[in-house]
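Just follow the structure's listing: the first ligand is 1, and inside any ligand the first atom is 1.
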Amino acid sequence: MSGELLIRGGFVIDPDTRFEGVADVLVRDGAIAGVGDFSGTGAAEVIDASGLTVLPGLVDLHVHMRDPGQTWKEDLASVGRAAARGGVTSLLAMPNTAPPADTAERVLDIERRAVREAGVHVYQSASITLGMEGKELVDIDGICGSGALAFSEDGKSVMNPVLMRRAMLKIRERGALICDHCEDIGMVEGGVMNADANAERLGLPGITNSVEDTIAARDVILAAETGARIHLCHCSTAGSAVIVRAAKAAGARVTAEVCPHHFILSSDDIPGDDANFKMNPPLRSAADVKALREGLRDGTFEVISTDHAPHSAEEKAKGFRGSPFGIVGIETSAALTYTELVLPGILTLMQMAEKMSRNPAEILGIPGGSLRAGAPADIAVFDFSNPYRIDPAEFASKGRNTPFAGREVYGRTRLTVAAGKIVFREKT
Ligand code: DOR
Ligand code: ZN
Ligand code: ZN
């Protein structure tokens, strides 16, 4: 039938139906028509997925699109291509653009433009305070009324606890999510990497774990008291794992994410004054990495997101002291997670699919993370059998700032389908 797409004979993992096995996936009119044996079907387009793995398209809850205002770093078209190349079909964009996404109009403008320019599903979060200045709350009712699903002050914390508590009460009333960047700015004191022996060796000012842990603790306490739903961004410390575990045990509505760089690299891996290893929160100690992996394994952390933070080569050429925080990640997250967590047996492939598609979709309250008949046809097909080396020159993102250049991984994206349309296909 015209308009049909058949992805034939791949190893299919569906964290929604829990199906796991070799099957065909039939797409019709932008939706999943079924998972099963469709060998007799005369679909218009047939893609051979034998030897490949078919997952629901990944859902990345933490992306900096840089549009509007910093489009030399990234824009809607380039982030859309990068997402598709990473197997990501839905993303939540952070509001620290220029100007920040602090009104319903700005949120809607980005989402409307993204429909035309990005190719994948883009959800824009709104900032919590006007201009991200930490002084006055945004119009939470108006922003929720326009359909926004999440608020975040990512890039910084709302340092005033009274304001944060009020934001939680209001956002809770509207049923939206708070994505929480936890960082006590008063405790940073010019730090640019983890406070440890490596920082001393490099002669660089350090950022202690308590910079993150104090705000994480504050905000889960506020969430428990207000009933707000909060999602802790980019957890990097052993303390965050302890805090999230305790908060959940106490009944707080808390979820949390870890990014690949934090569960793979420690400050021991920083080769010198190379800003591709500079991000916020920073690479922590080997003991923190171990605790994050354990938290991913035991379900304390239900999401793997990227904190995709593109910067230009010029900006990143200025070393740890002079360059902005942030690394790209949206094109490497699946391969890094598969290679570092699934291959060593820390997560099953099903758990990877949960943490990278099903759970984030559920937390944000969007379709996605499912291959059930009738679900939007958001699909990612990976080759997990053949190793390759990460080469930033191949990135579709404008950002090349990754600490993983040259690293050998398994998991090249072969095909990405968003809303039934092929948005990425590897040239073979
Ligand atoms: O590394 C980071 N980069 N952390 C943040 O919190 C902000 C982000 C950015 O916008 O570049
Ligand atoms: Zn952040
Ligand atoms: Zn971020």
Side-chain angles (χ1 to χ4, degrees), residues 60-75 79 82-83 88 91-101 110 123-129 132 134 150-159 164 177-185 187-188 191-194 207 211-213 215-216 219 230-237 240 256-262 265 267 270 274-284 303-316 318 320-330 333 360 397-404:
D60 191 341
L61 286 187
H62 198 136
V63 177
H64 295 274
M65 302 201 302
R66 309 301 192 204
D67 193 344
Q70 297 180 311
T71 50
W72 69 89
K73 297 178 196 261
E74 195 81 291
D75 60 34
V79 82
V88 173
L91 64 86
L92 180 65
M94 292 299 115
N96 64 338
T97 45
I110 295 169
Y123 301 87
Q124 177 62 56
S125 63
S127 62
I128 296 171
T129 70
M132 292 184 67
F151 291 82
S152 179
E153 199 86 334
D154 190 63
K156 44 173 116 161
S157 296
V158 176
M159 282 311 303
M164 189 57 163
L177 178 72
I178 295 172
C179 294
D180 201 9
H181 168 112
C182 299
E183 176 189 15
D184 188 318
I185 197 68
M187 294 175 73
V188 176
V192 294
M193 66 172 283
N194 192 46
I207 300 170
V211 166
E212 173 170 328
D213 295 352
I215 299 295
D219 286 356
I230 68 167
H231 176 73
L232 299 195
C233 295
H234 46 49
C235 294
S236 75
T237 64
S240 276
E257 70 189 26
V258 185
C259 307
H261 48 279
H262 289 130
L265 301 174
S267 74
I270 299 174
D274 177 353
N276 286 327
F277 291 79
K278 179 184 180 184
M279 74 294 287
N280 189 17
L283 299 175
R284 300 289 189 180
V303 171
I304 294 172
S305 67
T306 64
D307 200 0
H308 178 75
H311 295 289
S312 70
E314 299 73 53
E315 290 163 308
K316 278 302 217 178
K318 294 178 181 159
F320 261 89
R321 285 178 191 271
S323 64
F325 288 97
I327 60 166
V328 291
I330 205 163
S333 59
S397 170
K398 291 184 186 178
R400 301 288 148 95
N401 46 313
T402 173
F404 293 112

Tell me the protein heavy atom at minimum distance from [atom], and give that distance in Å.
atom: atom 8 (C) of ligand 1; result: His64 NE2, 3.7 Å
atom: atom 9 (C) of ligand 1; result: Arg66 NH2, 3.4 Å
atom: atom 3 (N) of ligand 1; result: Phe325 O, 3.2 Å

Out of curiosity, [X] [atom1] to [Y] [atom2], how far, rounded to the nearest 0.5 Å?
X: Ser397; Y: Arg66; atom1: OG; atom2: CZ; answer: 9.5 Å
X: His262; Y: Ile304; atom1: NE2; atom2: CD1; answer: 13.5 Å
X: Asp219; Y: Met164; atom1: CG; atom2: CE; answer: 4.0 Å
X: Ile327; Y: Asn280; atom1: CD1; atom2: CG; answer: 12.0 Å
X: Met159; Y: Glu183; atom1: CE; atom2: CD; answer: 9.0 Å

Ligand 1 to Gly326 polar contact by distance, N or O atoms, under 3.5 Å = yes
If only side-chain N and O atoms count, and only distance matters, is there a donor-acceptor pair under 3.5 Å linking [Y] with [X]?
X: Glu153; Y: His181; value: no
X: Asp154; Y: His62; value: yes
X: Glu74; Y: His308; value: yes
X: Arg284; Y: Ser236; value: yes

Only heavy atoms of [X], strictly under 4.0 Å: list the atoms of ligand 1 that pass.
X: His311; answer: 11 (O)
X: His181; answer: 6 (O)
X: Gly155; answer: 6 (O), 7 (C)

message = Under 2.8 Å from the Zn ion (ligand 3), is there any N, O or S atom belonging to His64?
response = yes
task = Return yes when at least one N/O/S atom of Cys233 is nearer than 2.8 Å to the Zn ion (ligand 3), and no when none is.
result = no
key: the Zn ion (ligand 2): angle it makes with ND1 (His181) and OD1 (Asp154), nearest 10 degrees   = 100°
note = Of all the N, O or S atoms in Asp307, the one nearest to the Zn ion (ligand 3) is OD1
ask   = Where on Asn96 is there a heavy atom closer than 4.0 Å to ligand 1, on the side chain, on the backbone, on both, or on neither?
value = side chain
query = What part of Met279 sits under 4.0 Å from ligand 1 if we count only heavy atoms: the side chain, the backbone, both or neither?
reply = both
request  = Just go through Asn280, Asp307, Ile327 and tell me whose heavy atom is the nearest to atom 1 (O) of ligand 1.
outcome  = Asn280
key: Minimum-distance N/O/S atom that His234 presents toward the Zn ion (ligand 2)   = NE2
remark   = Which of Glu257, Met94, His64 passes side-chain contact (heavy atoms from CB on, under 4.5 Å) with Asp307? Answer is His64
